Amino acid sequence: MTIPKSILITGALLATATAAVAGPIDDRQVFQGQRIFQGVQSGQLTYGETAQLMKGQQQIQAMKLKARSDGFVDPWERAQINAAQNWQSLNIWVKKHN
(Lines give C-alpha, C1' and ligand atoms only; values in the text may rest on other atoms or scores of the structure.)
Protein backbone atom coordinates (compact mmCIF):
# COMPACT_ATOMS: atom_id res chain seq x y z
CA MET A 1 0.00 0.00 0.00
CA THR A 2 1.40 3.38 -0.94
CA ILE A 3 1.13 6.40 1.28
CA PRO A 4 -0.63 9.40 -0.30
CA LYS A 5 1.62 12.28 -1.18
CA SER A 6 -0.46 14.58 1.04
CA ILE A 7 0.72 12.73 4.17
CA LEU A 8 4.32 12.79 3.03
CA ILE A 9 4.08 16.48 2.20
CA THR A 10 2.46 17.19 5.58
CA GLY A 11 5.32 15.36 7.30
CA ALA A 12 7.92 17.27 5.33
CA LEU A 13 6.24 20.59 6.12
CA LEU A 14 6.00 19.69 9.79
CA ALA A 15 9.68 18.79 9.88
CA THR A 16 10.58 22.03 8.10
CA ALA A 17 8.43 24.11 10.43
CA THR A 18 9.96 22.57 13.53
CA ALA A 19 13.48 22.96 12.16
CA ALA A 20 12.91 26.70 11.71
CA VAL A 21 13.07 27.24 15.48
CA ALA A 22 16.16 25.41 16.70
CA GLY A 23 16.48 23.77 20.08
CA PRO A 24 16.62 20.33 21.68
CA ILE A 25 12.84 19.94 21.69
CA ASP A 26 12.67 20.91 18.03
CA ASP A 27 15.61 18.70 17.06
CA ARG A 28 13.87 15.73 18.62
CA GLN A 29 10.63 16.53 16.82
CA VAL A 30 12.48 16.61 13.49
CA PHE A 31 14.25 13.33 14.27
CA GLN A 32 10.95 11.64 15.10
CA GLY A 33 9.47 12.93 11.85
CA GLN A 34 12.42 11.42 10.01
CA ARG A 35 11.84 8.08 11.76
CA ILE A 36 8.22 8.12 10.58
CA PHE A 37 9.27 9.00 7.03
CA GLN A 38 11.85 6.17 7.06
CA GLY A 39 9.14 3.77 8.23
CA VAL A 40 6.91 4.83 5.35
CA GLN A 41 9.72 4.40 2.82
CA SER A 42 10.69 0.97 4.14
CA GLY A 43 7.09 -0.25 4.25
CA GLN A 44 7.17 -0.77 8.03
CA LEU A 45 4.26 1.64 8.53
CA THR A 46 0.80 1.28 7.07
CA TYR A 47 -1.38 4.19 6.01
CA GLY A 48 -3.35 4.08 9.27
CA GLU A 49 -0.23 3.87 11.43
CA THR A 50 1.34 6.78 9.58
CA ALA A 51 -1.80 8.87 10.01
CA GLN A 52 -1.86 8.17 13.76
CA LEU A 53 1.81 9.04 14.16
CA MET A 54 1.45 12.24 12.15
CA LYS A 55 -1.51 13.25 14.32
CA GLY A 56 0.70 12.71 17.38
CA GLN A 57 3.43 14.86 15.82
CA GLN A 58 0.90 17.62 15.17
CA GLN A 59 -0.35 17.47 18.76
CA ILE A 60 3.18 17.84 20.10
CA GLN A 61 3.75 20.75 17.72
CA ALA A 62 0.59 22.40 19.07
CA MET A 63 1.87 21.89 22.64
CA LYS A 64 5.14 23.56 21.70
CA LEU A 65 3.44 26.52 20.05
CA LYS A 66 1.15 27.01 23.06
CA ALA A 67 4.11 26.82 25.45
CA ARG A 68 5.99 29.43 23.43
CA SER A 69 3.00 31.76 23.11
CA ASP A 70 4.12 33.80 26.11
CA GLY A 71 7.72 33.95 24.88
CA PHE A 72 9.08 31.53 27.48
CA VAL A 73 8.90 27.76 27.92
CA ASP A 74 8.90 27.10 31.66
CA PRO A 75 10.24 23.86 33.18
CA TRP A 76 6.73 22.41 33.65
CA GLU A 77 5.85 22.97 30.00
CA ARG A 78 9.21 21.54 28.92
CA ALA A 79 8.58 18.42 31.05
CA GLN A 80 5.12 17.95 29.51
CA ILE A 81 6.50 18.27 25.98
CA ASN A 82 9.33 15.88 26.81
CA ALA A 83 6.86 13.32 28.19
CA ALA A 84 4.72 13.63 25.04
CA GLN A 85 7.82 13.14 22.88
CA ASN A 86 8.83 10.09 24.92
CA TRP A 87 5.37 8.60 24.38
CA GLN A 88 5.50 9.41 20.67
CA SER A 89 8.93 7.82 20.37
CA LEU A 90 7.57 4.62 21.92
CA ASN A 91 4.56 4.72 19.57
CA ILE A 92 6.86 5.05 16.56
CA TRP A 93 8.95 2.09 17.67
CA VAL A 94 5.91 -0.11 18.37
CA LYS A 95 4.22 0.68 15.06
CA LYS A 96 7.42 0.10 13.10
CA HIS A 97 8.06 -3.25 14.77
CA ASN A 98 4.60 -4.86 14.86
Side-chain angles (χ1 to χ4, degrees):
M1 172 183 241
T2 60
I3 304 298
K5 287 184 180 182
S6 61
I7 288 183
L8 297 177
I9 291 170
T10 302
L13 291 174
L14 182 62
T16 303
T18 57
V21 183
I25 292 172
D26 297 311
D27 293 344
R28 187 166 180 198
Q29 190 78 356
V30 170
F31 179 69
Q32 288 182 345
Q34 291 170 344
R35 288 175 56 206
I36 295 168
F37 184 70
Q38 184 274 331
V40 169
Q41 287 184 318
S42 69
Q44 291 176 301
L45 294 173
T46 66
Y47 174 81
E49 291 170 335
T50 303
Q52 288 175 346
L53 292 172
M54 292 307 297
K55 183 177 179 182
Q57 290 291 97
Q58 291 169 347
Q59 289 171 341
I60 294 169
Q61 182 66 19
M63 288 176 68
K64 290 179 356 185
L65 292 174
K66 183 179 178 194
R68 288 186 176 133
S69 65
D70 63 357
F72 177 73
V73 180
D74 64 45
W76 174 251
E77 292 168 328
R78 188 174 306 278
Q80 288 180 314
I81 294 167
N82 188 50
Q85 287 179 325
N86 288 344
W87 187 252
Q88 178 72 350
S89 181
L90 177 64
N91 284 335
I92 294 168
W93 187 89
V94 167
K95 290 185 184 329
K96 285 178 71 174
H97 293 89
N98 64 2

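Note that the numbering runs from 1 along the sequence shown for the chain. These numbers were taken from a predicted model, which means no experiment stands behind them.
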Listed partners of Gln88 passing side-chain contact (heavy atoms from CB on, under 4.5 Å), at least two apart: Gln32, Ile36, Leu53, Gln57, Ile60, Asn91, Ile92

Partner set under side-chain contact (heavy atoms from CB on, under 4.5 Å) for Ser42, not counting sequence neighbours: Gln38, Gln44

Under the side-chain hydrogen bond (donor to acceptor under 3.5 Å, both in side chains) test, residues paired with Arg28 that sit two or more places apart: Asn82, Asn86

Co-members of Leu65 in a cluster of I, L, V, M, F, W and Y side chains, linked at under 4.5 Å: none

Transitive ILVMFWY cluster of Val94, excluding itself - 4.5 Å side-chain cut-off: Trp87, Leu90, Trp93

Gln80: partners by side-chain contact (heavy atoms from CB on, under 4.5 Å), with sequence neighbours left out: Met63, Trp76

Listed partners of Glu49 passing side-chain contact (heavy atoms from CB on, under 4.5 Å), at least two apart: Leu45, Thr46, Lys95, Asn98

Straight-line distance of Asp70 CG to Glu77 CD, nearest 0.5 Å: 6.0 Å

Side-chain H-bond candidate by donor/acceptor type, Gln58 with Lys55, under 3.5 Å: no

Separation of Phe72 CZ from Arg78 CZ (nearest 0.5 Å): 7.5 Å

